[in-house]
Amino acid sequence: MNAMGVFAFVLIFGLLNLACSSAQESPKSFNVLNYGAVGNGITDNSKAFLEAWKDACSAETQNSIVIVPRGNIFLVHPIVFSGPCKASKITFLNLGKIIAPASPSAWKGLDASQWLAFNGVSGLHITGHGAIDGRGSGWWNQSCRDHQGLVACTSLAPTAVKLLSCKESSITDMHFIDSPQAHILIFGCNGIDIKNLLIRAPETSPNTDGVHIQSSHNVFINNTIIGSGDDCVSIGDYTSNVKVTFLRCGPGHGVSIGSLGKDGNFVQVENIFVSRVFFNRTTNGARIKTYQVGKGYVRNVTFEQIKFDSVENPIIIDQNYCLVRGTCKEVQTGVHISDVSFNNMYGTSSTEIAVNLNCSRSVPCTGILLKSIQLKSANPEQEVTSTCNTAHGNTFGVVQPKTCLQV
């Protein structure tokens with residue numbers, strides 16, 4: 001190569017390096033304090049948060065960051081952070097504490113089902129070791145579930161954080177406290193990573209699920225601690241490819257698939273994997289619940305490497321689920337539950353029935369596998385049993401209590 005050729009090669013190589021450096025430009029940051037936010041726990045900062053978000057979302061950059069600085073308490077009223085954004089990655093960095101209005105009256109004329117919602121965003125990352133406090137006691141005190149005689153009691157209350165139609169996004173390293181209802185809702189999303197969360201609400205708080213997943217695919221929950229008044233993780237309809245690992249659950253109602261098929265719809269839930277979970281004094285452990293009027297399927301489900309400590313229903317499938325037990329008439333339909341594996345599960349049950357497989361007589365459960373199950377009573381003087389209703393499958397290895405599966 002002659003001198004001119006070498007010069008041209010070096011010039012082209014240099015331009016390529018410059019292009020790569022530009023492609024990896026530093027993220028642009030948008031601090032809510034620069035938009036008028038006041039972190040005194042009293043001032044409504046909704047406008048400042050929304051303006052910071054709009055600028056970050058519309059910025060001509062690959063990486064935008066909305067910064068909620070540490071050492072501040074920001075009151076934020078119900079708000080929707082909308083996409084799509086120009087940045088391929090947008091980070092909501094919460095280093096402080098975000099609190100909801102204490103009174104339900106702040107939602108008057110607004111959607112009472114949500115507080116902080118992120119809609120239609122791809123590449124969203126909510127993180128920062130901060131806290132999101134839903135201050136839900138005002139809602140709990142007027143809940144219809146617990147106050148049926150109260151005039152104007154409410155059945156619907158806000159979810160703390162909703163991801164709606166988001167893709168390739170995450171919620172990590174956050175502390176959620178006392179949401180009025182569910183703490184996190186994943187709805188209509190694909191590719192969501194949830195990890196390193198601490199979620200806490202009182203055991204008596206109504207409907208305060210930790211994470212609820214609905215109409216979503218490829219959702220991963222890892223290394224998280226949840227204690228609440230409802231399911232630690234609940235998996236709703238039209239959902240597939242969910243993986244839950246290294247979860248500590250309690251108090252709460254366990255990890256539940258369902259309830260499904262309440263309105264007689266065609267259920268589609270498959271490829272659910274739950275592993276390395278510790279259930280501590282929960283009302284349920286590994287649970288699947290469907291209404292008789294539903295149709296469709298729940299299939300390819302694995303619960304494995306699970307420990308129970310004084311759990312009321314460690315292993316339960318209920319195809320005859322009814323909101324008010326005993327009031328639903330038997331019908332000839334049902335959601336087909338198949339290929340469900342309960343593997344390497346041990347610990348104690350606080351009730352006599354440790355394994356309850358209550359399947360439909362019209363649409364029996366099939367392909368149930370019980371493998372290496374060792375459950376005993378939390379009371380050393382009592383024994384535990386299994387109960388089955390048209391549940392078909394096989395056992396492998398030591399299974400205690402004795403199986404009642406039909407081959």
Side-chain angles (χ1 to χ4, degrees), residues 19-41 43-100 114-134 160-177 183-186 189-199 219-220 222-224:
C20 290
S21 298
S22 298
Q24 297 176 357
E25 62 185 281
S26 298
K28 290 184 178 180
S29 61
F30 302 85
N31 193 316
V32 296
L33 292 178
N34 296 332
Y35 292 83
V38 180
N40 60 7
T43 304
D44 177 10
N45 294 288
S46 307
K47 183 179 179 182
F49 271 59
L50 189 58
E51 289 181 353
W53 172 266
K54 286 180 177 178
D55 282 356
C57 186
S58 62
E60 298 283 354
T61 181
Q62 288 192 340
N63 191 350
S64 285
I65 302 178
V66 175
I67 298 176
V68 180
R70 70 178 75 252
N72 293 271
I73 300 175
F74 296 100
L75 172 65
V76 178
H77 282 238
I79 193 171
V80 178
F81 302 101
S82 297
C85 297
K86 292 184 178 179
S88 57
K89 177 181 178 182
I90 183 163
T91 301
F92 189 89
L93 185 65
N94 178 24
L95 301 170
K97 185 176 186 179
I98 302 172
I99 62 173
Q114 64 189 34
W115 172 31
L116 307 175
F118 295 82
N119 186 16
V121 186
S122 295
L124 168 68
H125 302 282
I126 302 172
T127 188
H129 300 283
I132 295 178
D133 187 348
V161 170
K162 286 186 178 182
L163 299 191
L164 308 171
S165 302
C166 294
K167 297 179 180 179
E168 306 304 325
S169 298
S170 67
I171 305 175
T172 64
D173 303 304
M174 295 287 294
H175 185 191
F176 287 80
I177 309 163
H183 289 78
I184 298 171
L185 169 65
I186 309 299
C189 297
N190 194 344
I192 305 298
D193 192 14
I194 296 172
K195 63 183 179 182
N196 304 336
L197 301 188
L198 175 61
I199 300 175
V219 179
F220 307 98
N222 181 54
N223 196 37
T224 288

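Small disclaimer: the values here were computed from a predicted structure and weren't measured.
- Annotation for K86 and A59: closest pair CB-O, 3.5 Å, computed over non-hydrogen atoms.
- Taking each heavy atom of I79 and S46 in turn, the nearest pair found is CD1-O, 3.3 Å.
- In this structure, OG in S26 is found 9.0 Å from CG in N63, a value given to the nearest 0.5 Å.
- Here the shortest heavy-atom pairing between T172 and D193 reads CG2-O, 4.4 Å.
- Across every non-hydrogen atom of E168 and H125, the tightest pair is O-CE1, 4.2 Å.
- V161 places none of its side-chain heavy atoms less than 4.5 Å from the side chain of F92.
- Looking at heavy atoms from C-beta onward, L95 lies out of side-chain contact with P69 at the 4.5 angstrom threshold.
- Residues M174 and H129 share a closest heavy-atom pair of SD-N, 4.1 Å.
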* Take C85 and C57 through the disulfide (SG to SG under 2.5 Å) test and state the conclusion after the steps. => CA-CA 5 Å; C85 297; C57 186; 2.1 Å; yes
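- Taken from CG in L198 to NE2 in H183, the straight-line distance is 9.5 Å, to the nearest 0.5 Å.
- When ring centroids are compared, Y35 and W53 stay outside the 6.0 Å threshold.
- Distance CD1/I90 to OG1/T61: 10.0 Å, rounded to 0.5 Å.
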* **side chain to side chain contact (heavy atoms under 4.5 Å, CB included) evaluation trace for F81 with V66** => CA-CA 11 Å; F81 302 101; V66 175; over 6 Å; no
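- Listed for the N72 side chain is no donor-acceptor partner under 3.5 Å among the backbone atoms of F74.
- Considering CG of L163 and CD1 of I186, their distance stands at 4.0 Å, rounded to 0.5 Å.
- Rounded to the nearest 0.5 Å, atoms CD1 (I184) and CG (L116) are 11.0 Å apart.
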* To do: For side chain to side chain contact (heavy atoms under 4.5 Å, CB included), just list the numbers for L93 and T127, CA-CA rounded to whole Å, side-chain angles, deciding distance to a tenth of an Å, and then say yes or no.
  => CA-CA 5 Å; L93 185 65; T127 188; 3.9 Å; yes
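- Heavy atoms only, all atoms of each residue included: I192 and C189 are closest at CG1-CB, 3.6 Å.
- Within the model, atoms CG of N94 and CD1 of I171 stand 12.0 Å from one another, a figure rounded to the nearest 0.5 Å.
- Exactly one residue among N45, L33, V32 makes a side-chain contact (heavy atoms from CB on, under 4.5 Å) with V38. That residue is N45.
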